[in-house]
Amino acid sequence: MRAADFRPHRLLRNAHLQSVLASSGVRRWLLRGRRTALEARSEELILDCGDGVRLQGYHTAQNVRAQARGLVVLLHGWEGSVRSTYLLHTAARMVAEGWDVFRLNFRDHGETHHLNPEMFHSCRIDEVVGALKDVARRFAPRPLAIAGFSLGGNFALRVALRAPDAGLPLSYALAVCPALHPPAILDAIERAPWFYHAYFMHKWRESLRRKQKLFPDAARFSTTELGASMRELTATMVARHTDFGTLDNYLDGYSIAGDRLADLVVPATILTASDDPIIPVGGFHELKLPAHTELEIAPAGGHCGFIRDFSLHSWTEDFIAHRLGRLVA
């Protein structure tokens, strides 16, 4: 199965439509049965991530095989959560394929703002590695894989980079439309149709207000600052709540562009779409990757969409299932 094989229905080819449908309420409603069944069988866990950091996740054990094929950890995108439509449906598909699944919430995502006083930012990779190590200790899975979407894909690849030195027994990583080069992404969001910026900012502002209510001394933003643009509010966050000093330093801190992935030891797959309106495809052509990392660029699919037809099922589930199947073949 190759990315070039993805061919959406002609009426669903538009990149913006693909991107919006991926997390739409319509898709959530149409596929509600599998989502409800998955959540009913999921167990909440609070993970010890080191240095007093706690993250929340949900473990779902498969029940279609005598023994699970392994465990796959799923990571959502920025301002998503373990209950995001795309993550729930991917999890349900992997469970049906015989995989145990662990859905991890990043700090301050979902209903987790109370767990840690310090705010989330995208360079908090150590705690995600710590979360994976706790998952590995609890379940001792063989194999252990990780898959992420958008910012979650960025985290998945950075976890894979750090896994050998961290003693994390990670066998495979897969990233769907990973956030590659943050400065280019910020530029792309500012150039994209208005609803992308509005969507992300609405969710981020609500998250920051919730954090500020819980920890007024640790999360400080004025009403005027919260009303600023993504670029301006990010710069304020960096200056006030991180040690990066400048916006450019912060954005570079979680970039995986150019040769940043050249030292990957863990086998990995990167899936993206040539028409992604958020993650410019040009950066993927400039990646320097080891031989055991595959790059798959589909001709369409938008940002984490890959919606095949009017059933609103995502071809991404097929792709992930196929790649994980190769891991245990």
Side-chain angles (χ1 to χ4, degrees), residues 1-6 15 72-75 77-78 121-126 128-129 132 143-189 191 244 246-306 316 319-320 322-324 326-327:
M1 176 179 288
R2 305 299 302 271
D5 300 332
F6 175 65
V72 57
V73 176
L74 298 180
L75 303 181
W78 183 47
H121 61 69
S122 298
C123 293
R124 292 194 184 278
I125 182 63
D126 290 343
V128 178
V129 173
L132 268 288
L144 172 65
I146 188 170
F149 297 78
S150 194
L151 182 60
N154 172 294
F155 268 90
L157 292 169
R158 284 188 288 152
V159 168
L161 270 174
R162 289 161 174 75
D165 289 342
L168 177 65
L170 187 65
S171 299
Y172 178 65
L174 191 150
V176 179
C177 299
L180 203 63
H181 187 49
I185 297 168
L186 186 53
D187 290 342
I189 291 175
R191 292 193 306 265
F244 290 97
T246 68
L247 176 62
D248 288 344
N249 287 343
Y250 167 66
L251 296 177
D252 184 66
Y254 66 101
S255 174
I256 53 172
D259 62 357
R260 301 284 180 98
L261 299 175
D263 294 330
L264 263 177
V265 174
V266 175
T269 299
I270 299 171
L271 170 66
T272 193
S274 60
D275 64 352
D276 189 326
I278 300 299
I279 316 292
V281 70
F284 292 92
H285 294 295
E286 297 170 0
L287 286 174
K288 294 177 174 58
L289 301 172
H292 52 266
T293 298
E294 64 173 344
L295 173 61
E296 291 281 338
I297 302 178
H303 184 61
C304 296
F306 301 98
T316 308
F319 185 86
I320 296 174
H322 180 266
R323 290 305 190 268
L324 289 176
R326 295 195 313 190
L327 184 62

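Worth knowing before you read on, the calculation uses all heavy atoms, side chains too, and leaves out hydrogens, waters and symmetry mates. None of these values were measured; they are calculated from a predicted model.
- With respect to the salt-bridge test (charged N to carboxylate O, under 4.0 angstrom), the residues Glu286 and Arg260 do not qualify.
- Separating the CZ atom in Phe155 from the CZ atom in Arg124 is a distance of 9.5 Å, to the nearest 0.5 Å.
- One finds the OG1 atom of Thr293 at 9.5 Å from the CG atom of Leu287 (value rounded to the nearest 0.5 Å).
- Distance alone, capped at 3.5 Å, is enough to place a donor-acceptor pair between the Asp276 side chain and the Ile279 backbone.
- Under a 3.5 Å cut-off, the side chain of Ser274 and the backbone N or O of Pro299 do form a donor-acceptor pair.
- In this structure, Arg326 places its CZ atom where more than 12 heavy-atom neighbours from other residues, nucleotides or ligands lie under 6.0 Å away.
- Closest heavy-atom contact between Ala273 and Phe306: CB-CZ, 4.0 Å.
- Taking 4.5 Å as the limit, every side-chain heavy atom of Asp165 sits out of range of all side-chain heavy atoms of Arg162.
- Residues Arg158 and Val129 fail the side-chain proximity criterion, which asks for heavy atoms closer than 4.5 Å.
- Between the His181 side chain and the Gly258 main chain, no donor and acceptor come within less than 3.5 Å of each other.
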* To do: Output, in order, the C-alpha distance, side-chain angles, deciding distance and verdict of side chain to side chain contact (heavy atoms under 4.5 Å, CB included) for Leu168 and Leu144.
  => CA-CA 9 Å; Leu168 177 65; Leu144 172 65; 4.0 Å; yes
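- Minimum interatomic distance between Ala188 and Pro277 (heavy atoms only, all atoms of both residues): CB-O, 3.8 Å.
- Note on Arg323 versus Glu296: salt bridge recorded, some NZ/NE/NH1/NH2 to OD/OE distance being below 4.0 Å.
- Taking the six-membered ring for Trp, His121 and Phe244 have ring centres closer than 6.0 Å.
- Contact annotation: the side chain of Pro143 never approaches that of Tyr172 to less than 4.5 Å [non-hydrogen atoms, C-beta and beyond].
- When Leu174, Leu271, Thr269 are each tested for a side-chain contact (heavy atoms from CB on, under 4.5 Å) with Ile320, only one passes: Leu174.
- Side-chain contact between Val159 and Val266 is absent, with no heavy atoms from C-beta onward closer than 4.5 Å.
- Using a 4.5 Å heavy-atom cutoff, the side chains of Thr316 and Phe6 are not in contact.
- In terms of heavy atoms, Ser171 sits closest to Pro267 at O-CD, 3.5 Å.
- Judged by distance alone, the side chains of Ser255 and Asp252 never bring a donor and an acceptor atom under 3.5 Å apart.
- Using a 4.5 Å cut-off on side-chain heavy atoms (C-beta onward), Tyr254 and Pro182 make contact.
- In this structure, the side chains of Leu261 and Ile270 come closer than 4.5 Å at one or more pairs of heavy atoms.
- A distance of 7.5 Å separates CG in Asn154 from CD1 in Ile125, rounded to the nearest 0.5 Å.
- Contact annotation: the side chain of Leu75 never approaches that of Phe149 to less than 4.5 Å [non-hydrogen atoms, C-beta and beyond].
- Heavy-atom minimum distance, Cys304 versus Ser150: SG-N, 3.8 Å.
- To the nearest 0.5 Å, atom CG of residue Leu264 and atom CG of residue Leu157 are 6.5 Å apart.
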